[in-house]
Asker: 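Sharing a structure, written as structure tokens. Questions coming.
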Amino acid sequence: MLRIALSALVLMTGSAMAETPSKKLVDQESRALKALSAEKRSALFQRPETEVNYSRDWLVNNSVAKGDAQWRCLAEALYFEARGESLKGQFAVAEVIMNRVDSNNYPDSVCGVIHQGTGRKYQCQFTYTCDGHKEVIAEPRAFDQVGRVANLMVNGGERSLTKGATHYHTKSVNPRWARTYPRTATIGYHHFYRQSYRVSSN
């Protein structure tokens, strides 16, 4: 499993996994992944998928709300970005984050993807990390649910909802990139898109 593999990679650098991620830990994981050859890194992320049933009862019986630093990063992102969404909507947001981890255009770890650009107000990828507000988890039941979603997804949960989406936004906004990237799905309050590039022809 990815969680075990990442733990082993970081331990090779002389650091143990902590439940709450720190910048130092995220940097160590990223360096460990980048040290691998492209083939080995690809093999690390190509796990057999776990089939997902998008019901609360199934989730409670097939996942737990705990894990390592990467799990914590994903759980927090789902809490602050999608806790008001349906269960399917939460899985869809998780798919975007995991798709970015697998993409060469983004950092190689869950924490790296989520905190990309953090520290520059409104220049980050996920607004809650740079909006100036303190992140407080005030709804334990909601966090338990997104924590279970995060556990499944960091351990190979299937990604069949968004057709490879790497971006999403709420229906209340209209970012510029949404006019360029193809929309792949609409789930709950979010539209989903797959990053693409226009190639000019002479």
Asker: Which distance, rounded to the nearest 0.5 Å, do you find between the CD of Gln195 and the OG1 of Thr184?
Answerer: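 Taking CD in Gln195 and OG1 in Thr184, the distance rounds to 12.5 Å.
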Asker: Could you go through Tyr128 and Phe80, starting from their C-alpha distance and side-chain angles, then the distance that decides it, and tell me whether this counts as ring pair (Phe, Tyr, Trp, His ring centres under 6.0 Å)?
Answerer: CA-CA 7 Å; Tyr128 82 93; Phe80 292 111; 5.1 Å; yes
Asker: Provide the closest heavy-atom pair for Tyr168 versus His190 in the form atom of the first, atom of the second, distance.
Answerer: CD1-CD2, 3.4 Å
Asker: Check whether the side chains of Arg100 and Gln116 place a donor and an acceptor atom closer than 3.5 Å, and report yes or no.
Answerer: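 Side chains of Arg100 and Gln116: no pair found under 3.5 Å.
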Asker: Any heavy-atom pair between the side chains of Met98 and Val110 that's under 4.5 Å?
Answerer: yes
Asker: Over all heavy atoms of both residues, which pair between Phe143 and Glu76 is shortest? Give the atoms and the distance, please.
Answerer: CE1-N, 4.1 Å
Asker: Can you see which heavy atom on Glu95 is nearest to which on Ser160, and at what distance?
Answerer: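 Heavy atoms of Glu95 and Ser160 come nearest at OE2-N, 3.2 Å.
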Asker: So how far is it from Trp58 CH2 to Glu51 CD, rounded to the nearest 0.5 Å?
Answerer: 8.0 Å
Asker: Quick one: pull up CZ in Phe91 and CG in Leu161 and give me the separation to the nearest 0.5 Å.
Answerer: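 That separation rounds to 8.5 Å.
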Asker: Could you tell me if the side chain of Arg194 sits less than 4.5 Å from the side chain of Asn99, heavy atoms only?
Answerer: no
Asker: Do Ser55 and Asp57 meet the criterion of a side-chain donor-acceptor pair at a distance under 3.5 Å?
Answerer: no
Asker: Using modelled atom types only, decide if a donor and an acceptor are shared between the side chain of Lys171 and the backbone of Gly188 within a distance under 3.5 Å.
Answerer: yes
Asker: Applying side chain to side chain contact (heavy atoms under 4.5 Å, CB included) between Leu59 and each of Val52, Leu152, Asp144, report the one that passes.
Answerer: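 In the set Val52, Leu152, Asp144, the residue that makes a side chain to side chain contact (heavy atoms under 4.5 Å, CB included) with Leu59 is Leu152.
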Asker: Does atom OH of Tyr189 have more than 12 heavy-atom neighbours from other groups under 6.0 Å away?
Answerer: no
Asker: How about Phe192 and Val93: do any of their side-chain heavy atoms sit closer than 4.5 Å?
Answerer: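 In short, these two side chains touch, coming nearer than 4.5 Å.
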Asker: Between Tyr106 and Gln125, is a side chain to side chain donor-acceptor pair (under 3.5 Å) present by the stated rule, with each step listed?
Answerer: CA-CA 10 Å; Tyr106 299 94; Gln125 299 294 306; 5.1 Å; no
Asker: Can you tell me how far OG of Ser109 sits from CG of Leu74, rounded to the nearest 0.5 angstrom?
Answerer: 11.5 Å
Asker: Looking only at non-hydrogen atoms, find the nearest pair between Ile114 and Cys73 and report the distance.
Answerer: CD1-O, 3.2 Å
Asker: Please name the pair of heavy atoms, one in Ile97 and one in Phe126, separated by the smallest distance, quoted to 0.1 Å.
Answerer: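 What the structure gives for the nearest pair is CG1-CZ, 3.7 Å.
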Asker: So, taking the atom named CZ in Arg148 and the one named CH2 in Trp71, what distance separates them when rounded to the nearest 0.5 Å?
Answerer: 10.5 Å
Asker: Would a 4.5 Å heavy-atom cut-off, applied to side chains only, mark Glu139 and Tyr79 as touching?
Answerer: yes
Asker: How would you list, by chain and number, every residue that makes a side-chain hydrogen bond (donor to acceptor under 3.5 Å, both in side chains) with Ser86, sequence neighbours excluded?
Answerer: none
Asker: Who are the side-chain hydrogen bond (donor to acceptor under 3.5 Å, both in side chains) partners of Ser63, not counting sequence neighbours?
Answerer: Asn151
Asker: Nearest 0.5 angstrom please: Asn62 CG to Thr50 OG1, how far?
Answerer: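 Those atoms lie 9.5 Å apart.
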Asker: Among all residues two or more places apart in sequence or in another chain, which pass the side-chain hydrogen bond (donor to acceptor under 3.5 Å, both in side chains) test with Gln145?
Answerer: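 Result, side-chain hydrogen bond (donor to acceptor under 3.5 Å, both in side chains) vs Gln145: Arg56, Gln90.
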Asker: Do Ile137 and Val146 sit in one hydrophobic cluster, given that two such residues count as connected whenever their side-chain heavy atoms are within less than 4.5 Å of each other, even indirectly?
Answerer: yes
Asker: Are side-chain heavy atoms of Asp102 and Arg159 found at a separation under 4.5 Å?
Answerer: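 Yes, their side chains come closer than 4.5 Å.
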Asker: Indicate the atoms forming the closest heavy-atom contact of Gly112 with Pro107, along with that distance.
Answerer: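 Scanning both residues completely, I find the closest heavy atoms to be O-CG, 3.4 Å.
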